[in-house]
Number of protein chains: 2
Amino acid sequence: MIGSLYAAHLSRVADVWVLTRRSEHARALEANGLRVSGRADFSGSVRATDDPDAIPAFDVAIVATKGTALEAAATALEGRFADATIVTVQNGLGAERIVRSHGDWPIVSGVTFMSGTRHDDTHVEYVLDTETWLGPYNGTDFDTVEELAALIERAGLKARAFPDLRPAQWSKLIFNATVNAVAALTGLPHDAHFAAEEADSDLGHLVHALMDEGKSVAAAAGVGLHEDPWEMNVLATRRGSAHYPSMLEDVEARRPTEIELITGALVREAEHVGVPVPLHTALYRLIKAKEDSYRESKGRNG
Amino acid sequence: MIGSLYAAHLSRVADVWVLTRRSEHARALEANGLRVSGRADFSGSVRATDDPDAIPAFDVAIVATKGTALEAAATALEGRFADATIVTVQNGLGAERIVRSHGDWPIVSGVTFMSGTRHDDTHVEYVLDTETWLGPYNGTDFDTVEELAALIERAGLKARAFPDLRPAQWSKLIFNATVNAVAALTGLPHDAHFAAEEADSDLGHLVHALMDEGKSVAAAAGVGLHEDPWEMNVLATRRGSAHYPSMLEDVEARRPTEIELITGALVREAEHVGVPVPLHTALYRLIKAKEDSYRESKGRNG
């Protein structure tokens, strides 16, 4: 969905190839192009294939798979495209490391706040027209990052280049680890419950405590946050229409979640810097168990 | 379901009236009696009504509603049956206090480990033939408790009288607060996941920590436990067929849960004795939020 938004927009200012997982998807894109509705309204013309060897050399690849499919996507790039820069935009932490383990391309770290709805293989609705933030990973030239941000802006999306993306990455990590896991466990979209702190039983107390745990880890890791995740939460829940976090959609569809790259990454960083995060650890284990529940058959005995 | 097991068995050794919520249920019981299958196999003959004024004076009432229906059931008894003894068998803590607020009958505290499956209004399957434990509440004569246990035994069920039920009540409270909430949040029946403590992500670590929080509260409240809830958990998960905790059935059917009488009671006792229970408090808020999610309409935006 995020990948479709980048591909369609970038096709207006650059030659775009889409590497798909399914061959029907590639054929549909070649035949029909890629339609964007919602915040924008146009059809982009893209080339598409499910075979990485069919793609000519390129300058930049945005790897926009879900975290759960990243390992497979990085494997498809391995040994190819030596002159390319790779951009990761997965939720959580650690996507760059997974890509790096498959090749030594320059890597640009990304976090994106855009959202959309995938209607079918060739139609995506652009819902939230918020920014993509980019930063250099492990020595990538900052000029490269700035050029990339400028390209994305020319394509009609919003982007910003940061010399150090970690403050933004960590703000979003803490926000996502909290909001995604709580939504997936409660069945609530990201709505006013997440900011409610009146009654003792109110969910906002738990959300706040999870944000505080995350902030302690960032502080111990020496990362100053770009935005306060609790304030991001309060603002987002006031926005009106409640956002449906992807992890909630995943558990409702009984799909694997991105828990390892999000809460799992936070819990491991916490252990690394010696900060206890009992609540995130609890949520991590609950979501892992929920994934295991997909495989249970239901034999009830009252 | 528990009420049907008591009513059918007791009908073999006593005159039994069943007070139902629905009038069709009462008519079906009057017409067809109450069939038990599974661990026992017989039909009991009972009288039944949905009108408390239609029931003649009696010696003992077992109030076997779910915790969520207890307030309504106790209200139906209010101002009636001055000579009766009332038995509560709800999960959690505090059922006696709710009954007491509606009248000054002698009260017997009960916890039951029986389980069954309700097939229809007049057929219940007896699944786990484990004991009902009884104890005096606030000065009720212990002879009354012993007579009641003997009556239940003569009826073909298992029962034990305890001079002080609190050690058993608290063991079951801690067990239930943990197992019910974790099952309801993960979708897992009470199976081997609950005792697994090998990998860091294993659910057993969380279950163990929840049991330990509960034990700290019991210790601070001066209650020695009858059984160690962690050992109850390990034994139960080795029993073979996984038990489906009632709170998991409740959330799957989008019904109100017994969270207030179980985890809510534990959290309030913890606050009363000044023992922090951050994990139970987190689960309490997650389940409350899950109940709120039943009322949400689903408008998704990716």
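- The part of A/E271 that comes within reach of chain B is its side chain, from C-beta onward, which places non-hydrogen atoms under 4.5 angstrom from that chain.
- With hydrogens and angles left out, the side-chain atoms of B/H123 and B/S37 include a donor and acceptor closer than 3.5 Å.
- Contacts with chain A were tallied for B/I2, B/L210, B/L128, B/L206; B/L206 has the most, counting heavy-atom pairs under 4.5 Å.
- No salt bridge links B/D202 with A/R285; every basic N to acidic carboxylate O contact stays at or beyond 4.0 Å.
- Counting heavy-atom pairs under 4.5 Å between each of A/V182, A/V267, A/D191 and chain B puts A/D191 at the top.
- Expressed to the nearest 0.5 Å, how far CG of B/D200 lies from CZ of A/R268 amounts to 9.5 Å.
- None of B/N91, B/L261, B/D250, B/T257 except one satisfies the side-chain contact (heavy atoms from CB on, under 4.5 Å) rule with B/K66; the exception is B/D250.
- Of the two parts of A/L283, only the side chain, counted from C-beta on, holds a non-hydrogen atom closer than 4.5 Å to a non-hydrogen atom of chain B.
- Most heavy-atom pairs under 4.5 Å with chain B, from the set A/K288, A/E125, A/H205: that is A/H205.
- Using a 4.5 Å cut-off on side-chain heavy atoms (C-beta onward), B/H193 and A/S293 make no contact.
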